[in-house]
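Take a look at the structure set out below.
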Amino acid sequence: MEPRLVGPGPYRATRLVSARPGPAASGRARASSSAQPPSQWNETIELFREGMPLRRHRSLFKNYECCFKASEAVDWLHELLRCNQNFGPEVTRNQTIQLLKKFLKNHVIEDIKGRWGKEDFEDDSHLYRFPPSSPLKPYPTRPPYRKEVIKIPDWNVPEAGTSQEHIPVKPLMMNSEMWFKRHSIAIGEVPACRLVHRQELTQANIEEIWKSMMLSHLQKVLGLDSVDEVLDTKLVNPKHIIHNVYNVNKQGIVILEDKTKELPHWVLSAMKCLANWPSCSDLKQPTYIGFERDVFKTIADYYGQMKEPLLTFHLFDVFVSVLGLLQKNKKAIEALRVSCLLLPPENRKKLQLLMKMMARISLNKDLPPLCDTAGTRTLMVQAFSHCILCSRDEVDLDELLAAKLVTFLMDNCQEILNVPSSLQTVIEEHVVHLRRVQIKYADTDTDTTLPAPSFCRQISTDEFEYQRVNGSQEPLAALLEEITMNKEISVKDKKKKLKQFQKSYPEVYKERFPTPESEAVLFPEKNKQKPQLLMWALKKPFQPFQRTRSFRM
């Protein structure tokens, strides 16, 4: 069987990378290619019906056509799942049997006498067949998705009844280029400019920015045309994102405002006991043979009774879509880091504590075995996969998908459950940019930004003096030097600009030209000596003209 990649379907991010049906199935009809792509469950049913070899079998002195043994179905489906990159070769035979039990319960298959639903499926020689029609799960279609995710608030239409709210931002200092543009009008470099005043950002604006940029980044990492393929964006609460980013302790664990949503004290004590085993004497817990197993069962029972998984039903497709990226380790980690920020804060905190406990228990060689039939690592995955990830529909493939994802979460929980600092910085800088007043210069398309006065902060005297010298004096001195050395302007214009500069910034000007002599060097005076009069030296004195007698005949 050769694996093939199947594209996404409605409400399912990643369909099976499945196996082509074998030669035995070549004569049976295939599903129409024009039909809407089914989900993972529907795809598995179709592949199983198409690829499972059918032949004649004999049971109780009677022949049955087009059927298969239970053990043959387990062999074929087990190999199909092992060739799937979303599940991998670690899929066990017992998990395959559980899936076939679901097939029998939902009338995907029936026994040779037409019974299904209440019958139990075993790995034996019992005969089964396919019913005339296979029940496929219908899914509603999504509305057309948007190509662009990011929304920019409408600055021209203020919202009534809203107040200015703040989130942490970094203070900015003006550089020499900004100072140059600001003060160039005073020396005649730019004829005019105008201020572009922007509407103040409300808390709703900021929340929308965080939500849009988070979803845009997630869409890019997952390689989707739109996040609407895997998520109803209306259900994403931006307040949860901001809370998960900023309300954390030194260990990165979420701090809840509503203390009633915290883990019960007895559950938290039990988790600390196993996570720190055997160094848990300070907890004053009783010790007896099998004590650690009872503690583990207490934790598993608490998480098992939750009505909704920690990763929530509406985010199921988002996390399933990450399974296709597990081979690209860094991309999978980045996608999970962003996806976990979409969770409600109480879910994120419970997930953080549970995954840290699971990771430490699975690596603790001093902890006695918690189960006689399975290793500690396998037991962790089996016990908590369903409470971490499952679909709303119980007959889906969520058990195998959850086991795969939880294993990856357990191995990389330290990186996944931390806030992505680079993405946080990008969003914060974007918010700061939108809050600034803009200066628009004539005949140019570029803007320079100045910090809005409403977001000033108090600084110390030393810091003020440092910024005064380094933030203004140095750029102004550089500007004066540029005017002085500019050879493209005339001497007349240069003198005019320097005079304007001297009037606006006398201290800076005096430091550059402390004496009149230093200024005179810049404009050396020309030699104004008058030319000497040329005295004509006459060799003979002037004599009046005298007519002489003519010698004409």
Side-chain angles (χ1 to χ4, degrees), residues 214 218 231 235-237 239-265 267-272 274-275 296 298-323 325-326 332-363 377 379-392 398-399 401-420 423:
M214 278 285 180
L218 179 62
L231 175 67
L235 300 178
V236 177
N237 191 339
K239 296 182 184 295
H240 293 166
I241 300 175
I242 296 177
H243 186 100
N244 291 333
V245 170
Y246 290 107
N247 291 31
V248 295
N249 59 20
K250 294 181 180 180
Q251 290 75 34
I253 304 297
V254 176
I255 301 174
L256 301 182
E257 296 178 353
D258 187 356
K259 301 303 179 183
T260 61
K261 296 181 179 180
E262 295 276 5
L263 279 172
H265 177 71
V267 176
L268 193 58
S269 299
M271 296 175 70
K272 289 181 178 179
L274 288 186
F296 177 77
T298 299
I299 302 170
D301 290 343
Y302 172 79
Y303 276 93
Q305 52 83 32
M306 294 189 303
K307 296 181 180 180
E308 186 177 18
L310 294 177
L311 300 184
T312 69
F313 288 135
H314 81 274
L315 291 176
F316 175 78
D317 293 322
V318 176
F319 287 99
V320 169
S321 64
V322 181
L323 292 173
L325 302 174
L326 293 187
I333 291 176
E334 182 66 16
L336 289 173
R337 291 173 77 182
V338 178
S339 302
C340 288
L341 287 175
L342 308 181
L343 296 172
E346 57 270 18
N347 287 41
R348 181 175 170 87
K349 182 169 186 177
K350 290 179 181 179
L351 179 67
Q352 287 176 318
L353 295 175
L354 178 60
M355 297 310 304
K356 287 179 179 292
M357 183 203 73
M358 293 172 61
R360 297 186 68 171
I361 290 178
S362 63
L363 298 176
R377 180 181 174 86
L379 179 64
M380 293 292 107
V381 176
Q382 292 177 352
F384 297 109
S385 291
H386 190 267
C387 70
I388 294 177
L389 178 70
C390 70
S391 65
R392 196 182 299 273
D398 51 295
E399 292 181 7
L401 298 172
K404 184 79 172 181
L405 184 66
V406 170
T407 302
F408 188 81
L409 277 170
M410 188 169 58
D411 294 338
N412 302 276
C413 66
Q414 191 64 34
E415 294 181 80
I416 293 173
L417 297 178
N418 285 335
V419 177
L423 179 59

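What's counted below: heavy atoms across the whole structure, side chains too, no hydrogens, waters or symmetry copies. What you are looking at is a predicted structure, and each value in this text was computed from that prediction instead of being measured.
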### Query
Hey, mind stepping through L405 and I388 against side chain to side chain contact (heavy atoms under 4.5 Å, CB included) and telling me if it holds?
CA-CA 9 Å; L405 184 66; I388 294 177; over 6 Å; no
### Task
Check the pair L423, M214 against side chain to side chain contact (heavy atoms under 4.5 Å, CB included), reporting the backbone distance first and the verdict last.
CA-CA 8 Å; L423 179 59; M214 278 285 180; 3.5 Å; yes
### CA sep, side-chain torsions, deciding dist, call: H243, R348, side chain to side chain contact (heavy atoms under 4.5 Å, CB included)
CA-CA 11 Å; H243 186 100; R348 181 175 170 87; over 6 Å; no
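Formation of a donor-acceptor pair under 3.5 Å by the N412 side chain with backbone atoms of I416 is not found in this model. Put simply, the side chain of N247 never gets that close to the backbone of V254: no donor and acceptor are under 3.5 Å apart. A distance-only check finds a donor-acceptor pair linking the side chain of Q352 to the backbone of G252 [under 3.5 Å]. When atom types are taken as modelled, the side chain of H386 and the backbone of P309 share no donor-acceptor pair closer than 3.5 angstrom. A side-chain donor-acceptor contact under 3.5 Å links Y303 to the backbone of K350.
In plain terms, the two heavy atoms of C340 and L417 that are nearest each other are SG-CD2, 4.2 Å. Taking both residues in full, the closest heavy atoms of T312 and P344 are given as CG2-CD, 4.1 Å, listed atom of the first, atom of the second, then distance. Contact record, C387 with L354: SG-CD2, 4.4 Å, taken as the closest heavy-atom pair. In plain terms, the two heavy atoms of F313 and C390 that are nearest each other are CD2-O, 3.5 Å. Taking all atoms of both residues into account, the shortest heavy-atom contact from M358 to V406 is CE-CG1, 3.8 Å. Contact between T407 and R377 at its shortest, heavy atoms only, is CG2-NH2, 3.3 Å.
Considering CZ of F408 and CG of L323, their distance stands at 10.0 Å, rounded to 0.5 Å. Atom-to-atom distance recorded for E334:CD and L325:CG is 11.0 Å, nearest 0.5 angstrom. In this structure, the separation between CD1 on I333 and CZ on R337 is 8.0 Å, given to the nearest 0.5 Å. For the atom pair L389 CG and L315 CG, the distance stands at 10.0 Å (nearest 0.5 Å). We find the OG-CG distance between S385 and L401 to be 10.5 Å, quoted to the nearest 0.5 Å. Considering CG of L341 and CD1 of I242, their distance stands at 11.5 Å, rounded to 0.5 Å.
Side-chain contact between I241 and V236 is present, with heavy atoms from C-beta onward closer than 4.5 Å. At a threshold of 4.5 Å between non-hydrogen side-chain atoms, the residues L311 and F316 do not count as touching. The closest side-chain heavy-atom distance from K356 to Q414 is below 4.5 Å. Annotation: side chain of L342 is not in contact with side chain of H240 (no heavy-atom distance under 4.5 Å). Using a 4.5 Å heavy-atom cutoff, the side chains of L274 and F296 are in contact. The shortest side-chain heavy-atom distance between V419 and N244 does not fall under the 4.5 Å cut-off. Counting heavy atoms from C-beta outward, I361 and M410 have side chains that stay 4.5 Å or more apart. When side chains are defined from C-beta on, N347 does not count as touching E308, because their heavy atoms never get closer than 4.5 Å.
The number of heavy-atom neighbours closer than 6.0 Å to CD of Q305, taken from other residues, nucleotides and ligands shown, is above 12. Counting non-hydrogen atoms of other residues, nucleotides and ligands closer than 6.0 Å to NZ of K250 gives a total of 12 or fewer.
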